[in-house]
There are 2 protein chains.
Amino acid sequence: MSRQDTGIRRATISDVAREAGVSPSTASVVFSGKTPVSEATRRRVLDAASALGYTGPDPRAASLRRGRSGIVGVVFEEHLGTAFLDPVKTLMMDGLADAVTPLGAGLLLLRDHEPTGSGPSLTTAPLDAAVLIGCSGLLRESLQTVKARGIPVVVIEGDAGDDVPRIGLDNREAQRQAASHLRALGHREVAIVTLPARADWQRGWLHDDAAVTVDVTRERLAGALDVFPDATAYAAAGSFIDEGFAAGREIFADLERRPTGVIAQSDLLAAGVIRAAEEAGLRVPEDVSVTGFDGIVVDGLAPYELTTLVQPATDKGRAAGAAVAAMLEGTPAASIRFTCTFREGNTTGPAPALV
Amino acid sequence: MSRQDTGIRRATISDVAREAGVSPSTASVVFSGKTPVSEATRRRVLDAASALGYTGPDPRAASLRRGRSGIVGVVFEEHLGTAFLDPVKTLMMDGLADAVTPLGAGLLLLRDHEPTGSGPSLTTAPLDAAVLIGCSGLLRESLQTVKARGIPVVVIEGDAGDDVPRIGLDNREAQRQAASHLRALGHREVAIVTLPARADWQRGWLHDDAAVTVDVTRERLAGALDVFPDATAYAAAGSFIDEGFAAGREIFADLERRPTGVIAQSDLLAAGVIRAAEEAGLRVPEDVSVTGFDGIVVDGLAPYELTTLVQPATDKGRAAGAAVAAMLEGTPAASIRFTCTFREGNTTGPAPALV
DNA sequence: TTGTATGCGTTATCAC
DNA sequence: GTGATAACGCATACAA
């Protein structure tokens, strides 16, 4: 006996059909609308359904039969709360939600590295497709899992290699623009504040470029170094104002040897750097210029308007959704590389005379 | 023929069993671990599986059989991106994720008011339970849907009536504390900046208290009015710094008749009000005192530390998760009402002498 | 337009 | 410790 041991079994579509005096398939069709049904039977079925308290096909059974669950997994490499602290990720989620909703799909939040084995995770969740966000080495593993299951997968901001559609940004070129902007303004001594360099999220001076395993970080770093090969780089432990602040403090610790320009790899970091500059008694942009990356609205930063690179975050999410949609249709989805737009604000200016 | 018309069918557990020379049930048990299996057969099955590229039971079939999908729906009443802009919701999600993970469940993001009719949402998603967040009238509808489906449901910060467990806050009492604090400091002229008053998110002066349909807003408003019955109230269109700023501008528009204290219903709103005060040339707290609500960390607000009511946001999420867990076990879950803690910062001070 | 038959891939139950 | 059996609830191909 697998039927609910206590109480009444929930009505099934067969019950409804019997009650309505039609066959199960007819009743099914009434709910799915896949085939025309005479208005009369339609009514009978619907009435029977409400009489029995039947609220529609059981999604579990339907998805088994259809081979689709209507669920797209979104895999993060961090704690969910942390992920949503990032405005860019939030916007992407928005775009992604927009794009998968028409498919009749919802987003299932997943972490790649489930703590206890008990989690649902990639292996056990009924996914139609998966979107991997970020790209530290950890995701490789998730990627394997998903591919093994034969589930369509799209990667945002990360290199999944070869056969996996990828939604990315022209990080290097974009960052180079910001750097060139500084150089054109006469800056020669520049410091870089990077996003986390490695999966272990450590904060500190970056002495060895090879130590950078996170794709985005590496690409943007390369862009900055293209213009300022000798720039020093400090890796933050996350994209937060506070992290930028901490980095800024280090950078401005020795006022005698401070840089005249700071290239931050995110707007939040830039905001923190600006606050650190203020704390150190430096004016922005008179004494020090700061550039960001992302083009988000940083609350509480007024009257500053960051010189930054605006990335189409929402569009990235949408594109990922579109790619998922395509793959679900059987069409192979292409990788997309979005372009950032340079936007000059009031946080950069001519390099000050020699310090 | 329902089998994939083109290409090879994915291996099923029966295939694996056959290949391993055991019965399907035995193979199943190897994967579920529900029953002891001899090491020998275990190996055989696992080997057969990897030989066939079988990566584990199909979650769809498993969930049909088990009657559980391992998915908890989280229903928001707004755009996802908007929801996650709210630090409190983010923290709740964190707590919720924590609490459902041990259950082996994941969180499915859902919006109650799907734009196009095509959405999947509550009606078609394979949910084991649902958590409704927020509380405008819109959620009523979602609630009906879920209840009709017989799915356990928990509501956070909203009155679902009678039989639905509710995770809430002592909003009124808490807000009263902040108001009393202001009163004790000698304030008499006080303005209130509320969260959205109604589902339509309109901004503006609140002339009719009855117009407030959002539970949280109403409760906090009541708490403030308990102490300052004549206070004027301005409804923001969302919990953002910018909204608080806009409200603050209105409130401080006429400096002659400005209040000496402002009770904001969220920390972000309070932060905005403070900035508006600064813009108006008012010092906080010397000229005007401001209180917030939530107890979150507001980036960029330093050196201010809000006088506010600290709510246990993460715990709320956890409690919701626990309630879900209980209901899934068959145990009826009780409603919980958390208590806020008053925290005095440096944004409130004695009322200034008569203006 | 409606009905019939079949299987989607698992797993709970029980007997061995 | 292992195997046979029977659902789980539905949607589709096809015949009527």
Side-chain angles (χ1 to χ4, degrees), chain A residues 1-5 9-45 48-49 52-70 123-126 128 149-150, chain B residues 1-5 8-45 48-49 52-70 123-124 126 128 149-150:
Chain A
M1 287 304 83
S2 343
R3 64 172 48 173
Q4 198 98 330
D5 17 53
R9 206 190 71 222
R10 277 193 75 68
T12 75
I13 204 167
S14 309
D15 298 329
V16 173
R18 195 176 323 113
E19 173 86 7
V22 301
S23 80
S25 53
T26 303
S28 171
V29 160
V30 167
F31 286 99
S32 74
K34 293 245 173 189
T35 311
V37 182
S38 80
E39 187 53 30
T41 45
R42 175 189 181 68
R43 269 256 71 78
R44 282 226 306 288
V45 171
L52 295 178
Y54 179 81
T55 56
D58 177 337
R60 284 178 283 262
S63 74
L64 172 58
R65 181 60 236 237
R66 289 207 161 106
R68 286 273 171 88
S69 64
T123 22
T124 63
D128 285 347
R149 276 184 66 183
Chain B
M1 286 306 84
S2 343
R3 66 172 47 174
Q4 199 98 326
D5 18 53
I8 346 81
R9 207 190 68 221
R10 275 193 78 67
T12 75
I13 202 168
S14 307
D15 298 330
V16 173
R18 195 176 323 114
E19 174 87 5
V22 300
S23 79
S25 37
T26 300
S28 171
V29 160
V30 167
F31 286 100
S32 74
K34 294 243 175 192
T35 312
V37 182
S38 82
E39 188 52 31
T41 46
R42 174 189 182 67
R43 270 256 72 78
R44 283 225 306 290
V45 170
L52 295 178
Y54 180 80
T55 56
D58 179 336
R60 285 179 282 262
S63 73
L64 171 57
R65 179 59 240 231
R66 286 210 247 253
R68 285 272 169 87
S69 64
T123 23
T124 63
D128 286 346
R149 275 184 66 184

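Quick note on labels: first sequence line is chain A, next is B, and so on, each numbered from 1.
Going from atom CZ of B:Arg65 over to atom OG of B:Ser28 covers 9.5 Å, rounded to the nearest 0.5 Å. Atom CG of residue B:Leu52 and atom OG1 of residue B:Thr12 lie 9.0 Å apart, to the nearest 0.5 angstrom.
Residues B:Arg10 and B:Thr55 have side chains in contact (heavy-atom distance under 4.5 Å, counting atoms from C-beta outward). Side-chain contact between B:Asp128 and B:Ser69 is present, with at least one heavy-atom pair separated by less than 4.5 Å.
Going from atom CZ of A:Arg66 over to atom C1' of D:dA11 covers 7 Å, rounded to whole Å. Remark: P of D:dG3 and CZ of B:Arg18 are 14 Å apart, rounded to the nearest angstrom. Atoms CZ (A:Phe31) and C1' (D:dC10) sit 12 Å apart, rounded to a whole Å. Distance CZ (A:Arg65) to C1' (C:dC8): 6 Å, rounded to an integer number of Å. We find that CZ of B:Arg10 is positioned 22 Å from P of C:dG7, with the value rounded to whole Å. Here C:dG7 presents its P atom at 15 Å from CG of B:Asp15, a figure rounded to the nearest Å. In this structure, A:Leu64 atom CG and C:dG7 atom C1' are separated by 9 Å, rounded to whole Å. Rounding to whole angstrom units, NZ of residue B:Lys34 and C1' of C:dC14 are separated by 17 Å.
In this structure, A:Ser38 reaches the C:dT2 phosphate: one of its side-chain N or O atoms is under 4.0 Å from OP1 or OP2. Between D:dG3 and B:Ser23, a contact under 4.0 Å exists linking OP1 or OP2 to a side-chain N or O. In this structure, A:Thr26 does not reach the C:dT1 phosphate: none of its side-chain N or O atoms is under 4.0 Å from OP1 or OP2. Residue B:Thr41 places at least one side-chain N or O closer than 4.0 Å to OP1 or OP2 of D:dT2.
Taking the salt bridge (Lys or Arg N to Asp or Glu O under 4.0 Å) definition, one finds that A:Asp58 meets it with A:Arg60, sequence neighbours left out.
Sorted by first and then second residue, the salt bridge (charged side-chain N to carboxylate O under 4.0 Å, His left out) pairs involving residues 18-31 of chain B (not counting sequence neighbours) are B:Asp15-B:Arg18.
On a pure distance criterion of 3.5 Å, a polar donor-acceptor pair joins the side chain of B:Ser25 and the base of D:dA4.
For the segment residues 52-62 of chain A, no residue has any heavy atom less than 4.0 angstrom from an atom of DNA chain C.
The side chain of A:Ser28 lies closest to D:dT12, out of D:dT12, C:dT1, D:dT2.
Among the atoms of the strands shown, only primed sugar atoms or phosphate atoms (P, OP1, OP2) are found under 4.0 Å from some heavy atom of A:Val37.
A donor-acceptor pair under 3.5 Å is formed between the side chain of A:Arg149 and the backbone N or O of A:Thr123.
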